[in-house]
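The analysis underlying the following values was restricted to heavy atoms, covering all of them including side chains, and did not include hydrogens, waters or symmetry mates. Proteins come first, then strands; the chains are lettered A, B, ... in the order of their sequence lines, and each starts at number 1. Bear in mind the structure is a predicted one, so any value in this text is a computation, not a measurement.
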Amino acid sequence: MDGPALRAPRQPRTAILRDPRSKCRLVVKEHLVELVMQALLDVSRKQHVELPQTPEFAIDRTRQREHGDFATNAALVLCKQLGMKPRDLAQAIVDHLPPSRHVEKLAIAGPGFINFTLTPSCLLDTLDQVLERGAGYGHAPVDENEHITLEYVSANPTGPLHVGHGRGAAFGASLSNILEASGLKVQREYYVNDYGRQMDILATSVWLRYLELTGNPVRFPDNGYKGDYVVEVAHALQQAHGDRFRQDPLAVCADLPADESQGGDKEAHVDGLINRARQLLGPGGFDLIYKLALERLLDAIREELLAFNVRYDNWFSERSLNESGAVNRAIERLTRLGHMYEEKGAMWFRATTFGDEKDRVVIRENGQTTYFASDIAYLLNKFERGFTRAVYVLGADHHGYIARLKAAASGLGLNPANVEIVLVQFAKLYKDGKEVSMGKREGNFVTLKDLRTEVGTDAARFFYVMRSHEQHLDFDLELAKSQSKDNPVYYVQYAHARIASVFHKLAEQGQTHDRAAGEAARAQLDNAHELDLMNLLQRFPETIEKAGELRAPHLVANYLRELAAALHGYYDGAQVKILVDDDDLRNARLNLLLAVKQVLANGLKLIGVSAPEKMERQEA
RNA sequence: GGGUCCGUAGCUCAGUUGGAUAGAGCACCUGGCUUCGAACCAGGUGGUCGGGGGUUCGAGUCCCUCCGGGCCCGCCA
């Protein structure tokens, strides 16, 4: 397996960490890495030992305040290679560390950690940086070398989106924003399954409902789409075309294989109905209904995603792959490379060559290509369009697809490491402590629209990405709906609104905020709460980068809760007032608040949640 | 049966790619609004990190095994 392919390279991408507009010139962590590297080179020269090109030590944020801001395990990891005791090596590294105006204190602790405490000015620089860059703070310069296509949701247009799709939508949209912020070029894509049997069943279902509306009811198949939306499309069909598609019910039903509930086979029955529809309506008539259904449902999906603050750069048609010959070309390529064979009248892709557990049918015995054939063509198409990496956000039930898709990449001569599948676990809805069931064909599933209108886009988006995507999500409807302190969305938004209200108050008092005066007096920001807040602000870019590398938007949500908590703690618990009489101090504190507000807004935007200036409580 | 994801406080979950004393929120207990928004804050109670073995300076994190749960295993899409 090529598991590490999902992981970003171990060494940080310096191009992304490097921030040209930073007053620190380098993001702190990168700076510290360079200092330690320098010291290590000196020490190893003295010991006459060759160091590896990229020694595997880590520099990380510390967990506890007493350990400073950053710590490195370099001495622990490299002591054997350098033939020294860990604490001796730590001391040697400290002795050889080049001086830095950003490091205030160094300490050796525990078994041999080296702790770094940053100078206050380094934190204060962060503050200026946030105000300087505004909405751009936290965003890394664009890396021109990578161009990602990120596909998410891609639900069949055979019905409205349900709450399961909602998580994929929230996750994919947030992740693409985060990746973009961390400097990668990202194209958001929706793969439209506008081809194949499921859509045929939908078109047939619409036609049967239409027949009912025109007073010619035909028994509805077990395997048909039963939702009310099908009737709505049928209505639209009737309005646009009157009774043009009316047929004698007896002719429709004549000689069909028995349906499941009639003791037969539901698949055979529905296939019979599709063929009957084609035959009675003529190809033009059937296609017209098919297209009408597709357009209506796809429009509804587009509209819903837009309302959910989820956008796309490209809607890619599966049909176009078939009609342009891309599917055939992909199959030919696999054939030419010797990865196809014939068996039992079908054409198979030898996926087992590349680690899949079984070979896969690409062209069926009846000559039709499979869904997988389209997937292969689509994969090839993505790389032909120049993307360097294809990311698929899929539901956890698709995990069997990983090996298949990667095998296809290998078979096509592509690097499977550039094909990445991120699985999102299921979400369960809970209402009053009970699970809300979501049967699909039965038509009683909860749509994303239901959820959105009930709890609102902000709460839904936040709740969906609040947990790790690897974790099953228990979505508590009551909590998401509640306008109370228990609701984490309001907690974060409130912090933003609270700051806004301080500025309103300032205006009410007839005063204005003088940023330059605040910057000049910034050294007065020295209480523990203020330092904590600045420390958090400094960690925002690191959080984005990490959330991007780990494909983990929940880290951003967690970060925002932390920042909001620090703000509330400062506001309520620090025994300080912002709007003090002292002009310098007041402006310095206002600078800090403004920076916190900016970062809250930037972070919320990444996960598609609004940052309100005012919280209006609504009566339930 | 094979594959895969998960199991951390009463509940819902974090845990910085193996680091130092495992953290939040809810629930429960105590306290704080004549103040820039109390949708808030301060403090307290609560843990054999599913069990067992292994790897090493160090394991909630990596490996093995067992237990429990979700999902997948089609010439469907």
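Scanning for ring-ring contact (aromatic ring centres under 6.0 Å, His included) contacts around A/Y378 gives A/Y191, A/F316, with sequence neighbours left out. Every residue was checked against the salt bridge (Lys or Arg N to Asp or Glu O under 4.0 Å) condition with A/R561, not counting sequence neighbours, and none meets it. Evaluation of the salt bridge (Lys or Arg N to Asp or Glu O under 4.0 Å) rule for A/K597 yields A/E613 as partners, not counting sequence neighbours. Scanning for salt bridge (Lys or Arg N to Asp or Glu O under 4.0 Å) contacts around A/R404 gives an empty result, with sequence neighbours left out. Checked against side chain to side chain contact (heavy atoms under 4.5 Å, CB included), A/A595 has the following partners two or more places apart in sequence or in another chain: A/L127, A/V130, A/L131, A/L537. A/T543 meets the side chain to side chain donor-acceptor pair (under 3.5 Å) test with no other residue; sequence neighbours excluded.
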Side chains of residues 458-466 of chain A: which donor-acceptor partners sit under 3.5 Å, not counting sequence neighbours?
{"from": "A/D458", "atom 1": "OD1", "to": "A/S610", "atom 2": "N", "distance (Å)": "2.9"}
{"from": "A/D458", "atom 1": "OD2", "to": "A/Q493", "atom 2": "NE2", "distance (Å)": "3.0"}
{"from": "A/D458", "atom 1": "OD2", "to": "A/S610", "atom 2": "OG", "distance (Å)": "2.6"}
{"from": "A/R461", "atom 1": "NE", "to": "A/I607", "atom 2": "O", "distance (Å)": "3.4"}
{"from": "A/R461", "atom 1": "NH1", "to": "A/F308", "atom 2": "O", "distance (Å)": "3.0"}
{"from": "A/R461", "atom 1": "NH1", "to": "A/N309", "atom 2": "O", "distance (Å)": "2.8"}
{"from": "A/R461", "atom 1": "NH2", "to": "A/S174", "atom 2": "OG", "distance (Å)": "3.4"}
{"from": "A/R461", "atom 1": "NH2", "to": "A/I607", "atom 2": "O", "distance (Å)": "3.2"}
{"from": "A/Y464", "atom 1": "OH", "to": "A/V163", "atom 2": "O", "distance (Å)": "2.7"}

Give the table of side-chain donor-acceptor pairs shorter than 3.5 Å for residues 499-512 of chain A, with sequence neighbours excluded, one pair per line with atom names and distance.
{"from": "A/S501", "atom 1": "OG", "to": "A/R498", "atom 2": "O", "distance (Å)": "3.0"}
{"from": "A/H504", "atom 1": "ND1", "to": "A/A500", "atom 2": "O", "distance (Å)": "3.3"}

Please report, to 0.1 Å, the donor-acceptor pairs under 3.5 Å made by any side chain of residues 69-81 of chain A, with sequence neighbours excluded.
{"from": "A/D69", "atom 1": "OD1", "to": "A/N535", "atom 2": "ND2", "distance (Å)": "3.2"}
{"from": "A/D69", "atom 1": "OD2", "to": "A/L118", "atom 2": "N", "distance (Å)": "2.8"}
{"from": "A/T72", "atom 1": "OG1", "to": "A/A58", "atom 2": "O", "distance (Å)": "2.9"}
{"from": "A/T72", "atom 1": "OG1", "to": "A/A74", "atom 2": "N", "distance (Å)": "3.1"}
{"from": "A/N73", "atom 1": "OD1", "to": "A/A58", "atom 2": "N", "distance (Å)": "2.8"}

Report task. Any chance you could list the contact pattern along nucleotides 72-77 of chain B? Use B for base contacts, S for sugar-phosphate-only contacts and - for none, protein heavy atoms under 4.0 Å, 5' to 3'. Result -> BS-BSB

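B/rU17 atom P lies 17 Å from atom CZ of A/R551, rounded to whole Å. Atom NZ of A/K428 is separated from atom C1' of B/rU12 by 13 Å (rounded to the nearest Å).
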Enumerate all atom pairs, one protein N or O and one N or O from nucleotides 5-10 of chain B, separated by less than 3.5 Å.
{"from": "B/rC5", "atom 1": "O2'", "to": "A/Q425", "atom 2": "NE2", "distance (Å)": "3.3"}
{"from": "B/rC5", "atom 1": "O2'", "to": "A/E470", "atom 2": "O", "distance (Å)": "3.3"}
{"from": "B/rC6", "atom 1": "OP1", "to": "A/E470", "atom 2": "OE1", "distance (Å)": "3.1"}

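Less than 4.0 Å separates RNA chain B from at least one heavy atom of each of the following residues of residues 577-595 of chain A: A/K577, A/I578, A/L579.
Residue-level contact check: A/V576 touches the bases, meaning some heavy atom is under 4.0 Å from a base atom.
In this structure, the aromatic ring of A/Y494 is not positioned over the six-membered ring of the base of B/rG37 within 5.5 Å between centres and 30° between planes.
The residue among A/L76 and A/D474 whose nearest nucleotide of RNA chain B is located toward the 5' end is A/D474.
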